[in-house]
Amino acid sequence: MSEKITIQLVINDETQRLTIDPRVTLLDALREHLQLTGTKKGCDQGQCGACTVHLNGQRVLSCLMLAVQAQGGEVTTIEGLADKQGNLHPVQACFMANDAFQCGYCTPGQIMSAVSCIKEGHAGSEAEIREYMSGNICRCGAYPHIVEAVKQAATEMSGDAHHE
Ligand code: FES
Ligand code: FES
């Protein structure tokens with residue numbers, strides 16, 4: 001057995017110290033050690049995107065990253081996206097308004113990815129949204145609604161500096 005290691009991360013604006021086996025992925029650290037179960041595990045090998053979170057402002061697949069690699073970093077999960085008053089992030093609100101999910105399992109990853117997709121400037125057209133959201137699989141086939149939601153959120157967020 002490997003020896004445990006202590007790491008410190010800022011998760012959704014709160015500092016967390018974790019003493020874990022170094023083999024624990026960031027995904028499992030969130031789900032099993034911090035009870036942040038919004039981030040999902042659809043494959044655990046980087047092929048579905050259900051585990052997408054933000055690390056230092058960029059979308060990453062948390063199943064392909066060890067928690068220790070995120071040491072000292074800032075992580076945002078789906079639970080940290082609404083503001084402190086509980087107002088939904090525009091991407092969350094647009095997913096609701098456009099029925100951009102069915103079972104909801106891919107949704108946290110889709111939403112985290114969509115926030116980045118917009119921030120990266122990759123929401124310029126439907127084709128671009130499809131391409132830059134293609135790392136997130138949805139077996140419920142919500143893709144047309146997801147594209148609509150991302151398009152609408154991108155419009156709402158343009159010129160809006162309040163959101164990350
Ligand atoms: S669980 Fe990470 S990509 Fe599927
Ligand atoms: S909403 Fe079910 S997998 Fe996407």
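Just follow the structure's listing: the first ligand is 1, and inside any ligand the first atom is 1.
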Original post:
Any donor and acceptor pair, going by atom type alone, linking the side chain of His122 with main-chain N or O of Cys117 inside 3.5 Å?
Top reply: no
Original post:
Does any pair with a residue in residues 125-136 pass salt bridge (charged side-chain N to carboxylate O under 4.0 Å, His left out), and if so which ones, sequence neighbours excluded?
Top reply: Glu126-Lys151
**OP:** Considering the heavy atoms of Gly104, write down every atom of ligand 2 situated less than 4.0 Å from one of them.
**Re:** 1 (S), 2 (Fe)
Original post:
Taking Lys41 for the side chain and Arg31 for the main chain, is one N or O donor matched with an acceptor at less than 3.5 Å?
Top reply: no
Original post:
Near atom 4 (Fe) of ligand 2, is there an N/O/S atom from Cys140 that is less than 2.8 Å away?
Top reply: no
**OP:** Give the cluster check for Leu27 versus Leu61: same hydrophobic cluster or not, with ILVMFWY residues linked at side-chain heavy-atom distances below 4.5 Å.
**Re:** no
Subject >> atom 1 (S) of ligand 2: the protein heavy-atom neighbour that sits closest, reported with distance to 0.1 Å >> reply: Gln102 N, 3.1 Å
Subject >> Metal environment of atom 4 (Fe) of ligand 1, protein N/O/S under 2.8 Å >> reply: Cys43 SG, Cys48 SG
Subject >> Residue pair Val53 / Val60, side-chain heavy-atom distance below 4.5 Å >> reply: yes
**OP:** Ignoring hydrogens and angles, tell me if any N or O in the side chain of Asn87 forms a donor-acceptor pair with the backbone of Asp83 under 3.5 Å.
**Re:** no
Original post:
Which is it for Ala142 and ligand 2 at heavy atoms under 4.0 Å: side chain, backbone, both or neither?
Top reply: neither
Original post:
Just by distance, do the side chain of Asp21 and the backbone of Lys4 share a donor-acceptor pair under 3.5 Å?
Top reply: no
